[in-house]
Amino acid sequence: MTAEALTSPALSYGRLVPVTVHFDDLDALGLLHNARYPLMAERAWAELWQERGIRFEGDWAAAGDACNAVKELTITYEAPVTRPGPYAVHLWLERLGTTGLTYGFRFCSADGGTTYARGTRVLVRLDAATLRPAPWSEEFRAAGRELLRPGG
């Protein structure tokens, strides 16, 4: 596996969110455990949405757009992370539909130049009472449009 060097135009969309790999995130071989990559992407998304006022605070009925569920997750590991320290997750939206969205992510070096893993995740907004698909709010859609990848 080799890391992919990216040029700065790759960061012309989405958002680069700093994350930290801790010693206890590494597995017995000293590699970042495979399950930690999507976990760190999830934490980065939670931070990004919280900055925009979208958060879950214990009440699903009041959660609004934070009431959603994962429909699909794909991830490809490109190079091993072999040490603790500062990294980043590059986040963007691939698609923003009425009740669902697809986001892309790259787990990368802190400057975004080296990619260790990449993936997508499909989320569906749910009605808290019925757990059926429900439309995203206009406020959420406006925030989401800012994160859409050009040509995506």
Side-chain angles (χ1 to χ4, degrees), residues 1-60 62-97 100-126 128 136-137 139-152:
M1 290 191 244
T2 60
E4 172 191 340
L6 295 176
T7 60
S8 55
L11 298 179
S12 64
Y13 61 92
R15 170 95 181 273
L16 199 62
V17 178
V19 296
T20 301
V21 171
H22 298 277
F23 176 77
D24 61 354
D25 292 320
L26 306 179
D27 65 15
L29 297 175
L31 306 175
L32 181 59
H33 190 281
N34 68 82
R36 297 290 193 196
Y37 294 85
L39 175 66
M40 290 194 188
E42 171 68 18
R43 288 177 178 165
W45 272 113
E47 180 180 324
L48 186 144
W49 290 123
Q50 285 178 19
E51 289 173 3
R52 288 163 169 78
I54 299 164
R55 64 180 54 87
F56 175 69
E57 296 178 333
D59 179 359
W60 285 114
D65 295 305
C67 184
N68 58 65
V70 176
K71 181 176 180 181
E72 178 182 309
L73 170 68
T74 63
I75 189 166
T76 301
Y77 303 96
E78 302 203 2
V81 170
T82 59
R83 62 181 56 145
Y87 293 87
V89 181
H90 179 196
L91 305 170
W92 66 90
L93 290 183
E94 289 284 334
R95 183 189 69 80
L96 178 59
L101 63 79
T102 302
Y103 74 66
F105 67 92
R106 287 186 314 116
F107 188 90
C108 52
S109 57
D111 66 0
T114 302
T115 298
Y116 298 99
R118 65 178 68 241
T120 60
R121 193 164 107 160
V122 177
L123 292 179
V124 177
R125 163 75 160 86
L126 299 175
W136 301 108
S137 71
E139 295 81 14
F140 181 89
R141 295 179 60 70
R145 282 191 287 274
E146 295 174 10
L147 298 168
L148 280 170
R149 181 175 60 94

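In this structure, the side chain of H33 engages the main chain of A35 through a donor-acceptor pair within 3.5 Å. At distances below 3.5 Å, at least one donor-acceptor pair connects side-chain atoms of R141 with backbone N or O atoms of G97. A donor-acceptor pair under 3.5 Å links the side-chain atoms of S109 to the main chain of T114, judged by distance alone. With hydrogens and angles disregarded, no donor-acceptor distance shorter than 3.5 Å links the side chain of D65 to the backbone of I54.
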Hey, mind stepping through Y87 and L32 against side chain to side chain contact (heavy atoms under 4.5 Å, CB included) and telling me if it holds? CA-CA 12 Å; Y87 293 87; L32 181 59; over 6 Å; no

Go through it in stages, so that I can follow the logic: the residues are R121 and E42, the test is salt bridge (charged side-chain N to carboxylate O under 4.0 Å, His left out), and I'd like the CA-CA distance, side-chain angles, deciding distance and then a yes or no. CA-CA 10 Å; R121 193 164 107 160; E42 171 68 18; 2.4 Å; yes

Apply ring-ring contact (aromatic ring centres under 6.0 Å, His included) to residues Y77 and Y116 and explain how you reach the verdict. CA-CA 6 Å; Y77 303 96; Y116 298 99; over 10 Å; no

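A donor-acceptor contact closer than 3.5 angstrom links the side chains of T74 and T120. Side-chain contact, R106 with T115: a donor N or O sits under 3.5 Å from an acceptor N or O.
Using a 4.5 Å heavy-atom cutoff, the side chains of L101 and V122 are not in contact. Looking at L31 and V81, their side chains never come closer than 4.5 Å, going by heavy atoms from C-beta outward. Contact annotation: the side chain of M40 approaches that of D25 to within less than 4.5 Å [non-hydrogen atoms, C-beta and beyond]. Side-chain atoms of L16 and C108, non-hydrogen and from C-beta on, do get closer than 4.5 Å to each other. At a threshold of 4.5 Å between non-hydrogen side-chain atoms, the residues R36 and N34 do not count as touching.
Shortest non-hydrogen contact noted between A143 and W49 is CB-CZ3, 3.9 Å. For the residue pair A128 and C67, the shortest heavy atom distance occurs at CA-SG, 4.0 Å. Closest heavy-atom contact between L126 and A69: CD1-CB, 3.7 Å. Considering every non-hydrogen atom in both V89 and A44, the closest pair reads CB-CB, 3.9 Å. Shortest non-hydrogen contact noted between A117 and Y37 is CB-CD2, 3.6 Å. Closest heavy-atom contact between V19 and A88: CG2-N, 3.8 Å.
Salt bridge status for E51 with R15: present, with a side-chain N to carboxylate O gap under 4.0 Å.
Taking CG from L73 and CD1 from I75, the interatomic distance works out to 6.5 Å, rounded to the nearest 0.5 Å. Summarising the geometry, atom CZ belonging to R52 is positioned 10.5 Å from atom CD belonging to E47; distances are rounded to the nearest 0.5 Å. To the nearest 0.5 Å, the span separating CZ on R149 from CD on E94 amounts to 4.0 Å. Note: L48 CG to L147 CG = 5.5 Å, rounded to the nearest 0.5 Å. Distance check: F105 CZ to R118 CZ gives 10.0 Å after rounding to the nearest 0.5 Å.
Taking the six-membered ring where tryptophan is involved, the planes of F140 and W136 are essentially parallel, since the angle between them stays under 30° and well short of 60°. Using cut-offs of 30° and 60° for the angle between ring planes, the Y13 and W92 rings count as perpendicular.
Atom CZ of R83 has 12 or fewer neighbouring heavy atoms from other residues, nucleotides or ligands inside a 6.0 Å radius.
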